[in-house]
Amino acid sequence: MRILIVEDEISLNKTLAEGLTEYGYQIDSCENYKDAEYYVGIRNYDLVLTDWMLPDGDGVDLIYTVKQKSARTSVIILSAKDDKDSEVKALKSGADDYIKKPFDFDVLIARIEARLRFGGSNTIKIDNLEIDPDEEKITYKGKEIELKGKPFEVLTHLARHSDQIVSKEQLLDAIWEEPELVTPNVIEVAINQIRQKMDKPLGISTIETIRRRGYRFCFPKKA
């Protein structure tokens, strides 16, 4: 999963990035509002962790930009403001959580994991299809499907962002640790494996190709 950190305090920014990377998250980080807008514009994030007071803007204002791009992306506000009114304002502005500084890193991790759960679980359930990222397991009508590795991650990412068209570049950024070292063809290979190993045997279609733009999760097929 990919997280964007927006924090102008350089040492804290670095600590957050290193700590979250150790927990297996893919991280982008920046120190101001303008760069945050840029990252949100070009990439899909599962969660944005942003300071309230940025040198060139307001982290709470960033919530609207993030949610306009993807309502599924969680936003957690970090703030030195410890009064009730500030917390209420952030949550009413669309923040999914509010964490006061200073904070315990273990508590932060727990809050992030809680926000990334779907309905209390990481499992994605769509009609008769279940995708369990924790177990790298897919079941359809109770039958387990053998799909692992990058194809599994591509399917999971598209399912999590089913309201969006996701480009090859966005998939590379979200899933490959060093996307600059691979070609976009690896996405085509992964999509083909999903279709051959899962869609074809089951007689379903989970991913549609949007010409010149990317891919979109399309299960179940709409009438």
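The number of heavy atoms from other shown groups lying within 6.0 Å of CD (Glu180) is above 12. Remark: Lys148 NZ is packed, more than 12 non-hydrogen atoms of other residues, nucleotides or ligands lying under 6.0 Å away. Lys197 NZ: 12 or fewer foreign heavy atoms inside a 6.0 Å radius. Atom NZ of Lys101 sits in a crowded spot, with more than 12 heavy atoms from other residues, nucleotides or ligands closer than 6.0 Å. Annotation: Phe103, atom CZ; neighbour count of heavy atoms from other residues, nucleotides and ligands within 6.0 Å is above 12. By the 6.0 Å contact criterion, OH on Tyr38 is open, its count of non-hydrogen atoms from other residues, nucleotides or ligands being 12 or less.
From Ile194, atom CD1 reaches atom CD1 of Ile138 across 7.5 Å, with rounding to the nearest 0.5 Å. Atom CG of Leu4 is separated from atom CG of Leu62 by 7.5 Å, given to the nearest 0.5 angstrom. Remark: Ile207 CD1 to Leu155 CG distance equals 5.0 Å, nearest 0.5 Å. From Thr73, atom OG1 reaches atom CG of Leu116 across 10.0 Å, with rounding to the nearest 0.5 Å. Rounded to the nearest 0.5 Å, atoms SG (Cys218) and CG (Asp199) are 7.5 Å apart. In this structure, CD1 on Ile27 lies 11.0 Å from CD on Glu18, to the nearest 0.5 angstrom.
Shown here for Leu147 and Gln193, the closest heavy-atom pair between the two residues is CD1-O, 4.0 Å. Considering all non-hydrogen atoms of both residues, Asp35 and Asn32 come closest at N-OD1, 2.7 Å. Heavy atoms only, all atoms of each residue included: Ile63 and Ala90 are closest at CD1-O, 4.0 Å. Among all heavy-atom pairs drawn from Lys69 and Arg43, the shortest one is NZ-O, 3.1 Å. Nearest heavy-atom pair across Phe219 and Leu129 is CE2-CB, 3.7 Å. Here the closest heavy-atom approach between residue Ser74 and residue Lys67 is recorded as CA-NZ, 4.0 Å.
At least one side-chain heavy atom of Ile77 sits less than 4.5 Å from a side-chain heavy atom of Tyr98. By the 4.5 Å heavy-atom criterion applied to side chains, Ile112 and Leu20 are counted as neighbours. The shortest side-chain heavy-atom distance between Ile175 and Ile187 does not fall under the 4.5 Å cut-off. At a threshold of 4.5 Å between non-hydrogen side-chain atoms, the residues Val6 and Tyr33 do not count as touching. Side-chain contact check for Arg160 versus Pro133: some heavy-atom pair is nearer than 4.5 Å. The side-chain heavy atoms of Trp52 and Leu78, taken from C-beta on, include no pair separated by under 4.5 Å. The closest side-chain heavy-atom distance from Asp51 to Ile5 is not below 4.5 Å.
Proximity of a side-chain donor or acceptor of Asn13 to a complementary backbone N or O of Glu7 within less than 3.5 Å is detected. Not a single donor-acceptor pair under 3.5 Å links the side chain of Glu31 to the backbone N or O of Ile10. Proximity of a side-chain donor or acceptor of Lys81 to a complementary backbone N or O of Glu87 within less than 3.5 Å is not detected. Between the side chain of Asn128 and the backbone N or O of Tyr140 there is no donor-acceptor pair closer than 3.5 Å. A donor-acceptor pair is defined here as one N or O able to donate and one able to accept, closer than 3.5 Å; no such pair exists between the side chain of Asp8 and the backbone of Leu54.
Cluster annotation: Phe217 and Leu171 are assigned to the same hydrophobic cluster (Ile/Leu/Val/Met/Phe/Trp/Tyr, side-chain heavy-atom contacts under 4.5 Å, transitive). Under a hydrophobic clustering in which Ile, Leu, Val, Met, Phe, Trp and Tyr are joined whenever their side-chain heavy atoms come within less than 4.5 Å, directly or via other members, Tyr25 and Val66 fall into different clusters. When hydrophobic clusters are built by joining Ile, Leu, Val, Met, Phe, Trp and Tyr residues whose side-chain heavy atoms come closer than 4.5 Å, directly or via intermediates, Val154 is grouped together with Tyr215. Put simply, Leu158 and Ile165 are part of two different groups of oily side chains (I, L, V, M, F, W, Y) that touch within less than 4.5 Å, one to the next. In the hydrophobic clustering of this structure, Ile124 groups with Leu202; members are Ile, Leu, Val, Met, Phe, Trp, Tyr whose side-chain heavy atoms approach within less than 4.5 Å, directly or through other members.
Between Lys34 and Asp56 there is no salt bridge, since no side-chain N of the basic residue sits under 4.0 Å from a carboxylate O of the acidic one. By the 4.0 Å N-to-carboxylate-O rule, Glu130 lies too far from Lys137 to be salt-bridged with it. In summary, Asp97 and Arg111 engage in a salt bridge, as defined by a charged side-chain N under 4.0 Å from a carboxylate O.
Inspection of the Asp28 and Tyr45 side chains reveals an N or O donor paired with an N or O acceptor under 3.5 Å.
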